[in-house]
Each structure stands twice: as structure tokens, then as C-alpha cells.
Chemist: 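Next up is a structure, given as C-alpha cells.
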Amino acid sequence: MKVSIYILILVVLAGCSKKLPTPASNEILIISSYQDSLSSSPIIYKFLKEKNRKLPIEEDYYSVKWIRPKEFKKYENYPAVVILKLDDPQDETGDRFYNNLFQNKEGSSNVSFVRSLYSENQTIIGLESRNNIELKQTLEDYALTIFDEFDNRINQLIIEKYYKKPKNESIIAKIKQKYGISIFIDHEYEKIKNQDDILWIGRGFPNWGDPYRWIIIREIEPCEYNECAKYIQDTFNKVLDDSYIFISNLESDPSLEESSYDYMYNENRIIGGTYRHYKIIDENGLKDTIPNAGGPYISYIYNKGNSSTLLTGLVNNPGKDKMIYLKQFESIFRDIK
């Protein structure tokens, strides 16, 4: 009897050991034959790296996992999937797999989309080209559509994971009362400062693997890019009285300029880049500044007609990845109501 129990336990453990971990929130699964991946991978990786950001060093915007068609069954629930088919070089395995999945596609487009096939909110993108030259052109022609598909799936996945955390009901209510917006704030955040029209909250236990993250909220006038960047800088100036933060979007530190970006989402502006924090040193009556921290930030200007709410998220995680936390901020901000 004991032997049977031990065998049962071993079988269960063996089954558990084969279970794949949940994919990273920004991971894209690419499926192709060995021949197609060998010839096309430089083009695919270069295309995906167009979205990379310097934080302040460059980090990949997307994480990539590349597999063969025979492995797909183990990964079929991935939220963002690309299936690649090239006529040259020829191969049977990859072409057959692609043709079976997209056999009912309409028209002659080189790009096909299948949504929610194996899991809810899943996007499968089919890329079919005669050769690498045509593949490169196809990616350029459909770049905005492809990136939008990826980002919508990734943002949805991040939100679903984040919303499973307990809420900080007190801070959520305070934000609603003060700014008239609804935003999800998890229970780890605490109030740092509440002055005039500015609320500053934060979380972080670096020794436990939880990097410092801050959110600063302020009511501002509707603005265009340059004005918005000045509001962001002015907000940092108001909340700090013993140090300075300079952002990459202004001319205060030209070396940070390459990390800046700006785009619109649902008529609301997203501005991001890097920041550097300088401590004020006072020695013998002479004041000087030294850089002591830095990292990426992202701001969301949520328009409400005659006024706007500025929300800025900052990450400090020296020597470790920051992109996933930045994307978490972006997903939370985009979901504001």
C-alpha cells in the first residue's frame, strides 16, 4: 500500500515538474521552423527593438521566446503569439503548421490575425512572406497595427495580474475625492506627502526584491508636449526641497535626451524618459549637487475638459530590470476612469 502511495506521489510530482511557468507580462511567443528562424530572426529582433527604451540604459520593450511548431501545444495559451512562414527557404514542418492554422484566412494579405483562439484576450499574428526582403517590408507596412495588437494584449495581462492584489482603499478614496478619478492602487503603497494640489505615494522594499516606485499626482491645466514637460519638472521642484530631479525631456541635461518619448492614448498624452536625482550638498556655506539616483519615469496627462490630472510614476531599481515596472505604471494609468 505504501509503495502505491509513493508511486502516486512521484507521478503527481513528475506531472507538476512539466508545468510551464506563467509567461512574463511582456513576453511574445514566436513560432517558426528552424530554417525560417535562422534566416529571419535578425529582421524580427531588429523590428521588435524599435520599441526599446533607455532606462537609463537600453532595455528590451518586449521579451521574446522562440519555439518550433511541435512545441506549440505546451505554449498555446500565450497571450501574444507570432507564427512565421517564409516560402524561401522551403520547409515542410513550418509551412504545414502555418497553413493549417490560417487555412480560412480571407484575402491575400501577408498579415493575418486570430483572436481568443486558445485563451481569452489572446492574439495570434500570422506573418507570411516569400523571402526576408518581403518580410522586412511587411513589418514596416504593418508596424503600427502589430505593435498595437501586442501592447493591448500585454496591457490587459498586466492589469489582470495587478488587480488580483489587495487594494489600498484609503489612498484610492483620497485620489477620487481630490482629483475625481478612479485608479487602482495596491495595498503596499503609502502616502509620502500631501501638499496643496499634489499627492505623493510610494512603495518599495529593495532588500526583499521590491524596487522603489513612486506615483505623484497633481491637477494641471490642459497642455501640449513642451508645457506638459514643464509641469512634470515643476511638480518635482515643488515636492522636493532638499534635492533636485531633472528629466530627460527638458534641456537641463542633454545627455538624457535619447531616452525621451511622447505619444497619445485615447486623447490623453503619455510622456516618458529618464530622470536623475541630485542631492544638495552644503559645505562651508557653498552649495553643490551630486547625482545619487536615477531611473525611468512615465507621466500620464488625463484630460477632463477644462482641466487635466498629471500622474507620474518613477522607478528606482539599480542594476536590475525596470521595464516591467514601467509598463505596469502605463497599464494602470491607461485604465483610469
Side-chain angles (χ1 to χ4, degrees), residues 7-8 10-49 51 60-139 142-143 145-147 149-154 156-158 160-161 324:
I7 292 175
L8 178 60
L10 289 174
V11 170
V12 172
L13 290 176
C16 292
S17 66
K18 293 180 181 178
K19 185 178 180 180
L20 293 170
T22 302
S25 297
N26 62 336
E27 190 164 80
I28 295 171
L29 184 71
I30 302 179
I31 307 168
S32 74
S33 66
Y34 173 77
Q35 294 91 331
D36 287 350
S37 65
L38 194 64
S39 63
S40 66
S41 58
I43 296 172
I44 297 292
Y45 281 118
K46 183 178 180 181
F47 172 71
L48 295 177
K49 285 182 179 294
K51 295 275 284 186
D60 288 337
Y61 192 78
Y62 302 114
S63 173
V64 176
K65 187 174 188 65
W66 207 305
I67 67 169
R68 303 289 168 255
K70 65 180 181 180
E71 302 175 86
F72 179 55
K73 189 64 178 177
K74 298 186 295 184
Y75 299 91
E76 64 183 14
N77 293 325
Y78 260 57
V81 181
V82 174
I83 301 178
L84 180 65
K85 174 190 173 184
L86 296 181
D87 294 336
D88 182 18
Q90 292 184 347
D91 66 87
E92 292 185 4
T93 306
D95 292 354
R96 188 185 309 117
F97 178 78
Y98 185 97
N99 292 336
N100 286 340
L101 189 61
F102 294 102
Q103 59 183 317
N104 295 322
K105 74 171 187 175
E106 298 180 1
S108 58
S109 173
N110 288 353
V111 181
S112 302
F113 299 92
V114 177
R115 298 177 179 85
S116 301
L117 182 61
Y118 296 101
S119 62
E120 190 177 358
N121 295 318
Q122 180 188 54
T123 288
I124 300 178
I125 301 177
L127 295 176
E128 179 179 5
S129 298
R130 288 173 294 180
N131 50 43
N132 282 329
I133 295 175
E134 188 175 81
L135 173 63
K136 184 178 180 181
Q137 186 61 53
T138 298
L139 291 172
Y142 288 87
T145 302
I146 292 172
F147 285 141
E149 287 285 338
F150 287 156
D151 291 345
N152 288 338
R153 297 289 76 76
I154 288 171
Q156 183 65 32
L157 183 61
I158 290 174
E160 289 175 358
K161 287 183 178 180
I324 193 62

Chemist: How many angstroms lie between atom CG of Asn152 and atom CG of Leu157, to the nearest 0.5 angstrom?
Modeler: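 Here the interatomic distance stands at 12.5 Å.
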
Chemist: Atom CG of Asp36 and atom CG of Asp88: how far apart are they, to the nearest 0.5 Å?
Modeler: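 Rounded to the nearest 0.5 Å, the CG-CG separation comes to 9.0 Å.
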
Chemist: Please work out which of the three classes, parallel, tilted or perpendicular, describes the rings of Phe150 and Tyr62, given edges at 30° and 60°.
Modeler: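 Rings of Tyr62 and Phe150: perpendicular, as their planes differ by over 60°.
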
Chemist: To the nearest 0.5 Å, tell me how far Ser37 OG sits from Arg68 CZ.
Modeler: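 Output value for this atom pair is 3.5 Å.
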
Chemist: Check whether any side-chain heavy atom of Phe102 sits under 4.5 Å from a side-chain heavy atom of Val114, and report yes or no.
Modeler: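 A side-chain contact under 4.5 Å exists here.
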
Chemist: Assert yes or no for the condition that the ring centre distance of Phe147 to Phe47 is strictly below 6.0 Å.
Modeler: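 Between Phe47 and Phe147, which both carry aromatic rings, the centre distance is below 6.0 Å.
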
Chemist: Please confirm whether the backbone N or O of Gly94 pairs with a side-chain atom of Ser33, one donor and one acceptor, at under 3.5 Å?
Modeler: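 Flag not set: sc Ser33 to bb Gly94 has no pair under 3.5 Å.
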
Chemist: For the pair Glu76 and Gln122, evaluate side-chain contact (heavy atoms from CB on, under 4.5 Å) and give the outcome as yes or no after the intermediate values.
Modeler: CA-CA 10 Å; Glu76 64 183 14; Gln122 180 188 54; 5.5 Å; no

Chemist: On a heavy-atom basis, which atom in Phe72 and which in Val81 lie closest, and how many Å separate them?
Modeler: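 Shortest heavy-atom separation between Phe72 and Val81 comes out as CE1-CG1, 4.4 Å.
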
Chemist: Hey, are the side chains of Leu117 and Leu101 touching, using non-hydrogen atoms and a 4.5 Å cut-off?
Modeler: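 Counting from C-beta outward, Leu117 and Leu101 do come under 4.5 Å.
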
Chemist: Anything under 30° is parallel, anything over 60° is perpendicular, the rest tilted; go ahead and classify Tyr75 against Tyr78.
Modeler: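 Tyr75 and Tyr78: perpendicular rings.
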
Chemist: How about Tyr45 and Ile30: do any of their side-chain heavy atoms sit closer than 4.5 Å?
Modeler: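 Contact flag for Tyr45/Ile30 side chains = no.
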
Chemist: Which residues pass the salt bridge (Lys or Arg N to Asp or Glu O under 4.0 Å) test with Glu134, not counting sequence neighbours?
Modeler: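 Expected list: Arg130.
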
Chemist: Under a 4.5 Å cut-off applied to non-hydrogen side-chain atoms, are Ile146 and Ile125 in contact?
Modeler: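 Yes, their side chains come closer than 4.5 Å.
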
Chemist: Nearest 0.5 Å please: distance from the CD1 atom of Ile28 over to the CD atom of Glu149.
Modeler: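 Rounded to the nearest 0.5 Å, the CD1-CD separation comes out at 11.5 Å.
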
Chemist: Would Leu139 and Leu127 satisfy side-chain contact (heavy atoms from CB on, under 4.5 Å), going step by step from the backbone distance to the final call?
Modeler: CA-CA 9 Å; Leu139 291 172; Leu127 295 176; 3.8 Å; yes

Chemist: Look up atom CG in Asp87 and atom CD in Glu128, then write down how far apart they are to the nearest 0.5 Å.
Modeler: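 Nearest 0.5 Å value for the CG-CD distance: 6.0 Å.
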
Chemist: Distance check, rounded to the nearest 0.5 Å: Ile67 atom CD1 versus Ile31 atom CD1?
Modeler: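 It comes to 4.5 Å.
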
Chemist: Just to verify, what does Gln156 make a side chain to side chain contact (heavy atoms under 4.5 Å, CB included) with, not counting sequence neighbours?
Modeler: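 Gln156: side chain to side chain contact (heavy atoms under 4.5 Å, CB included) contacts with Asn121, Glu160.
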
Chemist: Any side-chain to backbone donor/acceptor pair from Asn110 onto Leu135? Under 3.5 Å, distance only.
Modeler: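 No: the side chain of Asn110 does not pair with the backbone of Leu135.
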
Chemist: Over all heavy atoms of both residues, which pair between Trp66 and Ser32 is shortest? Give the atoms and the distance, please.
Modeler: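 Looking at all heavy atoms of both residues, the shortest contact is NE1-OG, 2.8 Å.
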
Chemist: ring-ring contact (aromatic ring centres under 6.0 Å, His included) with Tyr142: which residues, sequence neighbours excluded?
Modeler: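 Expected list: none.
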
Chemist: Tell me, yes or no, whether the heavy-atom count around Leu38 atom CG, taken from other residues, nucleotides or ligands under 6.0 Å, exceeds 12.
Modeler: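 Result for CG/Leu38: enclosed.
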
Chemist: Any side-chain heavy atom of Arg96 sitting closer than 4.5 Å to one from Pro69?
Modeler: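 The answer is no; the side chains never approach within 4.5 Å.
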
Chemist: List the steps, then state whether side-chain contact (heavy atoms from CB on, under 4.5 Å) holds for Leu48 with Val64.
Modeler: CA-CA 9 Å; Leu48 295 177; Val64 176; 3.5 Å; yes

Chemist: Could you check whether atom NZ of Lys51 has more than 12 heavy atoms from other residues, nucleotides or ligands sitting under 6.0 Å from it?
Modeler: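 Check passes, neighbour count above 12.
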
Chemist: Report the C-alpha separation of Gln35 and Leu86 in whole Å, then their side-chain angles, then the decisive distance to 0.1 Å, and conclude whether the side-chain contact (heavy atoms from CB on, under 4.5 Å) test is met.
Modeler: CA-CA 9 Å; Gln35 294 91 331; Leu86 296 181; over 6 Å; no

